[in-house]
Number of protein chains: 2
Amino acid sequence: MTSSTIDRILDAAEVEFATHGFVETSLRTITTKAKVNLAAVNYHFGSKKGLIQAVTDRFLAPLTQNLQIQLTKYESSRPNGLNDEQELQHLLGLLARSCQQVVQQNQHSLAILARLINTAYSQSQGHLRKHLTQQYGASFMYFMKLLRKHMPAMTNEQFFWRFHYLLGVLVFSISSSDALLAICEREYKSVRNLDQMMADIIPVMASAAQAPTIGEI
Amino acid sequence: MTSSTIDRILDAAEVEFATHGFVETSLRTITTKAKVNLAAVNYHFGSKKGLIQAVTDRFLAPLTQNLQIQLTKYESSRPNGLNDEQELQHLLGLLARSCQQVVQQNQHSLAILARLINTAYSQSQGHLRKHLTQQYGASFMYFMKLLRKHMPAMTNEQFFWRFHYLLGVLVFSISSSDALLAICEREYKSVRNLDQMMADIIPVMASAAQAPTIGEI
DNA sequence: GGTAGTTTTAAACGTATGTTTAAAACACAC
DNA sequence: GTGTGTTTTAAACATACGTTTAAAACTACC
């Protein structure tokens, strides 16, 4: 077994990044929880930034790949006679299923992804955003293109905005899921999980996607 | 003129907090931009946390107050015969207008508010969330209660989730607005602003609010 | 004009961070 | 078994941060 060190670091970093964010977690807490020497991170990943990238790559690669496969499969054997609403629900459902499959092998991947997107869109110059789209943009572009097909009553600009409003639902829900699930359990005695939440969100996003546009925007 | 120091600190902190976040901005950059001695923050506000609270209080107090007034005014002279969709649009419009009024006097207030909510919901134990609801929860509870009235086909738990999905649209859009507006201008040669974005979002949120619920959730 | 209270200043403090270093430990082919 | 390349280790480094201190500067009142 070669270098369980790397895996132990990745596993520990994943948990910390997901629960406390990138800047808020130090290499020292990561290496301590991983039972690994502090210098190991810089030795194996070069820098903290390198570690963050490795952590995100580990699930972003499978996620985009999975999504790509699901979409092409769906496109090749798509049922006829569906209206836009149903098509949107299907597409969003595929995205949700990809997320679920990835989260099954990596419990914190979505939380990290949400943090990643949040920080990417919080810096207006957006180096991180550029890196993400260059690295993984292809699958998501394809996804957007399919969505676009079933939101025909919009200009490209209107679609751009609408898409990011939908993204907001997803990102906020996921990054707040721990808190929301806890509140839900305390306040309504209802024990739920992320999968149920995702299923809950799909029709909401579909409705939001189909909301009327305001004039010429 | 007594202590322009305090105001200069608040103004500078506001800009930095809005554009770079709370933890990412140091007291040194704030005091430098404010042309004020480093120790001034601790002298006038006690600590960095105190400064953050002062910065947020400066716009949260007017915002909640404004919202409260608008809501009670609306409730007392509400037009009859509106359906739920229209009522929701009205209520969300009032929230948007409150935001606009506050943002008019304080350009970065919404960006900071979005960051505040994001961090509040990102820590599952939620001390900040508790503080916010204790301090300013009244107005927002009232707002939620009015919203609830026009989303009758839901359980309380379903409403809880749906409300936070809507909140996600708002929070993500606002915290990403700088990036989104920049992309929009570059990609579609369309110069827009936050007000237009907010107006754009209202029907989307109203639609999302009325999306069908999944079974017994 | 002197004095008490407030504010500002420069400097230092203590701590935490990411990173580097150089020696030690290890693995494995020859 | 020796030697080479890789990995681990403990220690130190350099920097950045929030905070504190004590003296200086300022303000306002008698």
Side-chain angles (χ1 to χ4, degrees), chain A residues 1-58 112 115-116 118-120 122-123 125 127-128 131, chain B residues 1-58 112 115-116 118-120 122-123 125 127-128 131:
Chain A
M1 143 158 334
T2 153
S3 83
S4 75
T5 302
I6 291 181
D7 294 327
R8 285 223 303 283
I9 292 176
L10 287 175
D11 291 340
E14 206 167 85
V15 177
E16 295 305 306
F17 285 158
T19 52
H20 299 111
F22 301 112
V23 294
E24 288 90 344
T25 68
S26 68
L27 295 185
R28 278 170 173 83
T29 73
I30 291 174
T31 52
T32 301
K33 300 222 171 189
K35 292 180 202 290
V36 149
N37 187 275
L38 168 61
V41 169
N42 290 279
Y43 177 76
H44 287 290
F45 301 99
S47 65
K48 185 179 183 181
K49 196 177 240 176
L51 173 61
I52 295 175
Q53 208 163 103
V55 168
T56 58
D57 280 353
R58 192 157 68 143
I112 297 177
R115 290 205 188 259
L116 209 61
N118 253 326
T119 62
S122 291
Q123 42 187 356
Q125 77 276 42
H127 299 133
L128 173 57
H131 170 79
Chain B
M1 146 160 329
T2 154
S3 82
S4 74
T5 301
I6 292 181
D7 294 327
R8 286 222 302 283
I9 292 176
L10 287 176
D11 291 340
E14 206 168 87
V15 177
E16 295 305 307
F17 286 158
T19 53
H20 298 112
F22 301 113
V23 294
E24 288 89 344
T25 69
S26 67
L27 296 186
R28 280 171 173 82
T29 74
I30 290 174
T31 52
T32 301
K33 299 221 170 190
K35 291 181 203 290
V36 149
N37 187 275
L38 168 62
V41 169
N42 289 280
Y43 178 75
H44 287 289
F45 300 98
S47 64
K48 185 179 182 179
K49 196 177 240 175
L51 173 60
I52 294 174
Q53 207 164 107
V55 168
T56 57
D57 279 353
R58 192 157 68 142
I112 297 177
R115 289 202 189 262
L116 209 60
N118 253 327
T119 61
S122 292
Q123 42 188 354
Q125 78 276 43
H127 300 131
L128 173 57
H131 170 79

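It should be emphasised that the depicted structure is a prediction, and the values quoted were computed from it without experimental measurement. Within every chain, numbering begins at 1; the chains are lettered A, B, ... in the order of the sequence lines, protein sequences first and strands thereafter.
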[X] has an atom [atom1]; how far is it from atom [atom2] of [N], in whole Å?
X: B:Glu24; N: C:dT17; atom1: CD; atom2: P; result: 15 Å
X: B:Tyr43; N: C:dA10; atom1: OH; atom2: P; result: 17 Å
X: A:Ile30; N: C:dG18; atom1: CD1; atom2: C1'; result: 11 Å
X: B:Phe45; N: C:dT7; atom1: CZ; atom2: P; result: 12 Å
X: B:Leu27; N: D:dG18; atom1: CG; atom2: C1'; result: 6 Å
X: A:Leu38; N: C:dT17; atom1: CG; atom2: P; result: 10 Å
X: A:Asn37; N: D:dT9; atom1: CG; atom2: P; result: 5 Å
X: B:His20; N: D:dA16; atom1: NE2; atom2: C1'; result: 17 Å

What residues in residues 47-55 of chain A put a non-hydrogen atom under 4.0 Å from any atom of DNA chain C?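 Per residue number, the list reads A:Ser47, A:Lys48.
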Begin from the C-alpha positions of A:Val55 and A:Phe45 and carry the test side chain to side chain contact (heavy atoms under 4.5 Å, CB included) through to its verdict. CA-CA 10 Å; A:Val55 168; A:Phe45 301 99; over 6 Å; no
Looking only at side-chain N and O atoms, does [X] come under 4.0 Å of OP1 or OP2 in [N]?
X: A:Ser26; N: C:dT17; value: yes
X: A:Asn42; N: C:dT19; value: yes
X: A:Thr5; N: D:dT8; value: yes
X: B:His44; N: C:dT6; value: no

Using heavy atoms to find the nearest nucleotide of DNA chain D for B:Ala39 and A:Ala39 separately, return the residue whose nucleotide is more 5′.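 The answer here is A:Ala39.
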When the nearest nucleotide of DNA chain D is assigned to A:Lys35 and to A:Arg28 on a heavy-atom basis, which residue is associated with the more 5' position?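 Its nucleotide being nearer the 5' end, the pick is A:Lys35.
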Any base atoms under 4.0 Å from A:Thr25, or only sugar-phosphate, or nothing? Heavy atoms, all strands.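 Contact class for A:Thr25: sugar-phosphate only.
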Which part of the nucleic acid, if any, lies within reach of B:Thr29 when heavy atoms closer than 4.0 Å are counted: base, sugar-phosphate only, or nothing?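 Contact class for B:Thr29: none.
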To the nearest 0.5 Å, what is the distance between [atom1] ([X]) and [atom2] ([Y])?
X: B:Ile30; Y: B:Glu16; atom1: CD1; atom2: CD; result: 7.0 Å
X: A:Ile9; Y: A:His44; atom1: CD1; atom2: NE2; result: 6.0 Å
X: A:Thr25; Y: A:Ile52; atom1: OG1; atom2: CD1; result: 7.0 Å

Could you walk me through whether A:Arg115 and A:Phe17 pass the side chain to side chain contact (heavy atoms under 4.5 Å, CB included) check? CA-CA 9 Å; A:Arg115 290 205 188 259; A:Phe17 285 158; over 6 Å; no
Walk me through whether A:Lys48 and A:Val41 qualify under side chain to side chain contact (heavy atoms under 4.5 Å, CB included). CA-CA 7 Å; A:Lys48 185 179 183 181; A:Val41 169; 5.6 Å; no
Could you check if a side-chain atom of B:Leu27 sits within less than 4.5 angstrom of a side-chain atom of B:Asn42, using non-hydrogen atoms only?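 Yes, at least one pair of side-chain atoms sits under 4.5 Å.
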